[in-house]
Amino acid sequence: MEIASKYDPRAVEERWYQFWLDKKLFHSEPDRRRPYTIVIPPPNVTGVLHMGHMLNNTIQDVLVRRARMMGKNACWVPGTDHASIATEAKVVNMLKERGIDKRDISRDEFLKYAWEWKEEYGGIILKQLRKLGASCDWDRTAFTMDDIRYESVIRVFVDLYNKGLIYRGVRMVNWDPQALTAVSDEEVNYKESHSKLFYLRYYIDNPDSSDKSKYIVVATTRPETILGDTAVCVHPEDERYQWLKGKRVIVPSVGRSVPIIMDEYVDREFGTGALKITPAHDVNDYNLGMKYNLETINIFNDNGTLNENGGKYAGQDRFVCRKAIMKDLEEAGLVEKVEDYVNKVGHSERTDAVIEPKLSAQWFMKMTDIAKKALEVVEDDTIQFHPDKFKNTYRHWLENIKDWCISRQLWWGHRIPAWYFEQKTENGDHRTETVVALNEEEARKIAAEKYGYTGELRQDEDVLDTWFSSWLWPISLFDGIRNPDNEEIKYYYPTDDLITAPDIIFFWVARMIMAGEEYRGEVPFKHVYFTGIVRDEKGRKMSKQLGNSPDPLALINEYGADGVRMGMLLTAPAGNDLPFDTKICEQGRNFANKIWNALRLVKGWAVSDELNQSDENAVSVEWMEQRMACVLADIERDFDQYRLSEALMNTYKLIWDDFCSWFLEMVKPAYGSPIDRETYNATISIFERLMYMLHPFMPFITEEIWHLLQDDHGEESRAKLIAESSIMIQHMPASVFFDQRLLDDCTRAREVIAGVRNLRSSKGLSPKEELELFIVCSDGSAMNTRFDGIIRKLANVKQISYVDKKIDGAVSFMIGTMECFVPMSQNIDVEAEMKKLEEELKYAEGFLASVMKKLGNEKFVNGAPEKVVAVERQKKADAEQKIAAIKAQMEGLK
RNA sequence: GGGAGUUUAGCUCAGCUGGUUCAGAGCGCUUGCCUUACAAGCAAGAGGUCACUGGUUCGAGCCCAGUAACUCCCACCA
């Protein structure tokens, strides 16, 4: 059979993915097996696959595939997130390109465009995930705004409102002037920026003769906000400003007279110790405004331009205005000085626009109580974080949690199910009443029953924060909000593992835990695996602006999905950032090729039914089985601890080193000779199981190899059966008891082989030259002679003789205390040998000295455990023996 | 300003409860090989004062204290 010497993943991967889909192997239905559930962190419906997704979804796929092969009913639910702000922005841009202004069309029209856009371009990312090999149950693909999820969100809102956990209020919120919406505290990123600190003069209103000065200097980074100033504040104990008590000052440029107030909030050290107060545009100022009953003057429009209160600056953008007003103040001689200043400025997570604190009516959710429960389940390890250092971050946030601003001034999203109407009060005023209900019909009913109102209702214009739907994801995916007792939610919930990035621990992870507690009385998942951030080889974050992010699909095309998956996983221990270099995908590709060629080798063997299994082959098979059992135990431990890269590395070494470099070389028949049936079958069986172990990491090539291995396994019926089956549903081998002695014996034999090879290498002997080997065994048991045949074969040794004393005219090496001699056909370089022996002697003597020092220490001998002391004594004996042997050899050389 | 984490080979990281020759792995590097599975390969090598300074201990990458550098998170000082 002719097999190409290079593995080509392209054709293979495409074919098998389709096969898996055709056979519905990703699909899960509740049954008697134990479930294993993962819900995908829903990517933005507008998103395209980037390296972060690749990492995240590779990890999920590894876990799901492994669980499936371990006999669990594995279900990985995919879906996308409607991503209010991001998607609305995209749709607005799309409309703009078509010459349509959002403001000119109705809400319904806009939503029609948005849905069209979503249908056409949305969810590309899910298609891309297939290229990666993701074994999601695509039949279950969900969207945070599809019917089930929409209704779930609305129900939860109504429920929380009725429980008194959701309220509407006028608060200072983070306003995104570009997206024209409020955003939550978590959506604001504070970035360091190089600003200026302006020192402005506020002249005293109606100064009298006792005034020490005619003005007070106030420092600000935002001079444009003086237009909204309604006070100046100093510290009540500030000696410098006692004379200002009860006075008023004139706001520069504006000419408004405002009071001096005194409050301990002011930091006397900062600036001049005098603070201007703009209650409409700063949270702290707002609080002071409330406290001192100050007037609130809003100077901005929603888009960040100055409104009519801006006077001559009305209509200007806030940053344009800043320059203009400074110029004017400068000219008016009202600027004391200007300093360079570094501060943190809030930017919108989504649009990167500078956040403007803005007073507005918004919906909030009370978090204090629900946070308590969410903290408990992580503290007591009902939910485990990997790595667990994120517990700290989590705790800190929950202990300092504030109410969650859940309303957004957008159209794309879940519209808030609140309806308003005007009601006349007893004294003739009009009052706005609010009704919260599942739909308008319900709202009408309530309005009629509760208020006796039957007129028109006006629904709230706002939609809910995107995370207000994401936090229900593990429940709503199984329809557990609308039908809390349905079979699916009972079966699949709680899910097992959540794989996500640490930057959404508050946005998403914490809130899902809260929702789980609130709506299921149970945690939504048992383990959270936090991935690192994918960085480029220089350690920078991958970003569009830098253009340093490789295109995942191009990578897959070049290295194969298996290769890319392996590359990503190898450098990605949980929680560690991974410096990604496309070169590491090469390692994955090379590995695939290595396996491919192992297949070529095995398939190339002629098999003989007449031949009996040789003893060497028998022990080789025996050893490989033990070795697998041993490594399997390691791998199981790695998975228990969520150390996926370790698990993969162990699998990699088992296949490349133990299987390919050692086992296959051990049993490989001489050129032209056949292999015995027994060894061949064992080899195939081992190869198969190695593929099972590797399958979660490299799904495509393992499926391909597995099928090719089956080909000549005998009867046609079986072959047909296999052809229709998949490696995906085979049983993952489990670790069993293994014989450590046999493993050690083989290691010893491998050391001897390496010793001989080293000799060849250093003496320039051809691998083809047959050598003779003498082993001096003091106690005979040091070598398991069952491996002799293997040593002869792999070291190209004609004969191994066990002798009781050293051989003259030979070069030597030591394995532990065991001396090995190889007679040389040519003259031995005595000088070089002596030098080598001297070095060895020096090392051995140094070692002995350190052991002696320990043993000479009475405190050690008395204090340390018996076992440790015994080991030390053994070391001493070994070292002495070794030294004696080396000395004898040196003697011989002379 | 508060908190957390990291520092081990050229690079990326392991190193469990302090105790075998414990100083490891992968990649990279060096040398020799186109040995009929694989040059995307084979074989053999070289590479480290475990950040620094003290301490505890019979014994310290490992525990403690301090120092330095880096990273991340949180926070309304204009």
Side-chain angles (χ1 to χ4, degrees), chain A residues 3 5-7 172 190 197 218-222 225 233 265-267 269-272 274-278 282-287 341 343-344 346 357 387 389-393 396-397 400 502-503 505-506 533 537 539 559 563 570-573 575-579 581 583-584 586-605 637 641 643 645-646 649-650 652-653 660-661 664-665 668 671-672 754 757-762 764 766-768 796 816 843-844 847 851 854 857-865 867-872 874-875 878-879:
Chain A
I3 309 176
S5 73
K6 295 256 190 293
Y7 173 66
M172 187 65 81
Y190 288 90
L197 192 57
V218 172
T220 179
T221 53
R222 302 198 54 193
T225 61
C233 186
Y265 166 76
V266 176
D267 177 358
E269 307 300 315
F270 190 90
T272 60
L275 172 66
K276 66 186 213 57
I277 305 294
T278 321
D282 183 279
V283 183
N284 303 302
D285 292 9
Y286 175 71
N287 292 337
Y341 182 63
N343 64 346
K344 302 252 176 155
K389 65 177 176 185
F390 287 109
K391 263 172 107 165
N392 295 323
T393 315
H396 184 260
W397 186 70
N400 298 286
D503 52 349
I505 185 168
F506 309 133
I533 294 163
E537 62 276 20
Y559 299 103
L570 274 181
T571 37
N576 273 16
D577 285 1
L578 67 159
D581 190 331
K583 273 178 80 179
I584 58 175
E586 256 176 51
Q587 199 182 345
R589 182 199 58 182
N590 294 355
F591 185 40
N593 200 49
K594 182 74 185 174
I595 299 166
W596 183 250
N597 277 288
L599 175 82
R600 287 180 69 217
L601 174 68
V602 173
K603 298 298 283 187
W605 288 341
R637 195 200 53 226
Q641 298 172 2
R643 290 153 54 137
S645 50
E646 287 281 303
M649 183 50 76
N650 277 323
Y652 172 79
K653 285 193 282 189
C660 293
S661 296
L664 289 180
E665 294 298 334
K668 181 167 153 185
Y671 183 64
R757 285 170 172 172
N758 184 1
L759 218 76
R760 285 183 193 279
S761 181
S762 60
S766 157
K768 288 177 184 139
N796 195 17
Y843 178 82
F847 179 68
V851 173
K854 259 191 193 174
N857 184 337
E858 239 174 85
K859 283 182 186 168
F860 170 72
V861 179
N862 298 331
K867 242 169 110 184
V868 176
V869 178
V871 164
E872 223 51 41
Q874 183 61 49
K875 281 204 260 183
D878 288 352

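In what follows, chains are A, B, ... by sequence order, proteins preceding strands, each numbered from 1.
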So [X], base contact, sugar-phosphate only, or nothing? Heavy-atom distance under 4.0 Å.
{"X": "A:Phe591", "result": "nothing"}
{"X": "A:Asn857", "result": "sugar-phosphate"}
{"X": "A:Tyr559", "result": "nothing"}
{"X": "A:Arg757", "result": "sugar-phosphate"}
{"X": "A:Ser661", "result": "sugar-phosphate"}
{"X": "A:Lys344", "result": "base"}
{"X": "A:Ala754", "result": "sugar-phosphate"}
{"X": "A:Glu646", "result": "sugar-phosphate"}

Atom-pair distance (CZ on A:Phe390; P on B:C73), nearest Å:
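Spelled out: CZ on A:Phe390 to P on B:C73 is 10 Å.
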
Specify the separation, in whole Å, of atom CD1 of A:Ile584 and atom C1' of B:G28.
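Taking atom C1' of B:G28 as the reference, CD1 of A:Ile584 is at 13 Å.
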
Considering only [options], which nucleotide approaches the side chain of [X] most closely?
{"X": "A:Lys859", "options": "B:C58, B:A39, B:A37", "result": "B:C58"}
{"X": "A:Tyr652", "options": "B:U20, B:G26, B:G15", "result": "B:G26"}
{"X": "A:Lys594", "options": "B:A78, B:C38, B:G5", "result": "B:C38"}
{"X": "A:Thr393", "options": "B:C73, B:A44, B:A43", "result": "B:C73"}
{"X": "A:Tyr265", "options": "B:G26, B:C76, B:G45", "result": "B:C76"}
{"X": "A:Met649", "options": "B:C74, B:A78, B:A25", "result": "B:A25"}
{"X": "A:Phe860", "options": "B:A4, B:A37, B:G19", "result": "B:G19"}
{"X": "A:Leu601", "options": "B:C76, B:A37, B:A14", "result": "B:A37"}
{"X": "A:Glu665", "options": "B:C38, B:A44, B:A78", "result": "B:C38"}

Any donor-acceptor N/O pair, A:Asp282 side chain to A:Thr278 backbone, under 3.5 Å
no

Would the distance check show the side chain of A:Asn758 and the main-chain N or O of A:Ala754 forming a donor-acceptor pair, the cut-off being under 3.5 Å?
no

Short side-chain donor-acceptor distance under 3.5 Å, A:Asn590 and A:Glu586
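There is no such pair between these side chains.
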
Less than 4.0 angstrom between a side-chain N/O of [X] and OP1 or OP2 of [N], yes or no?
{"X": "A:Asn590", "N": "B:C38", "answer": "no"}
{"X": "A:Lys668", "N": "B:A37", "answer": "yes"}
{"X": "A:Arg637", "N": "B:A14", "answer": "no"}
{"X": "A:Tyr190", "N": "B:C74", "answer": "no"}

Name the pairing partner of [N], where a pair is Watson-Crick or G-U wobble with both distances under 3.5 Å, or state none.
{"N": "B:A9", "value": "none"}
{"N": "B:C22", "value": "none"}
{"N": "B:U56", "value": "none"}
{"N": "B:C42", "value": "B:G32"}
{"N": "B:U71", "value": "B:A4"}
{"N": "B:C77", "value": "none"}

Please classify B:G41 as syn or anti, treating any glycosidic angle within 90° of 0 as syn.
anti

Please classify B:G55 as syn or anti, treating any glycosidic angle within 90° of 0 as syn.
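Chi for B:G55 falls in the anti range.
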
Toward the 5' end of RNA chain B, which comes first, A:Tyr671 or A:Arg589, by nearest nucleotide?
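Its nearest nucleotide being more 5', the pick is A:Tyr671.
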
On RNA chain B, nearest-nucleotide positions of A:Gln587 versus A:His396: which is more 5'?
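Nearer the 5' end of the strand: A:Gln587.
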
Interatomic distance, CG@A:Asp267 vs CG@A:Leu275, rounded to 0.5 Å, equals 10.0 Å

The reported gap from CD1 in A:Ile505 to CZ in A:Phe390 (rounded to nearest 0.5 angstrom) is 6.5 Å

Is a donor-acceptor contact shorter than 3.5 angstrom present between the side chain of [X] and the base of [N]?
{"X": "A:Tyr286", "N": "B:C76", "value": "no"}
{"X": "A:Asn284", "N": "B:C76", "value": "yes"}
{"X": "A:Glu269", "N": "B:A78", "value": "no"}

If you look at every heavy atom in A:Arg222 and A:Lys276, which pair is closest and at what distance?
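Heavy atoms of A:Arg222 and A:Lys276 come nearest at O-CE, 3.9 Å.
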
Using 30° and 60° as the class boundaries, would you call the ring planes of A:Trp596 and A:Tyr7 parallel, tilted or perpendicular?
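Geometry flag for A:Tyr7 against A:Trp596: tilted rings.
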
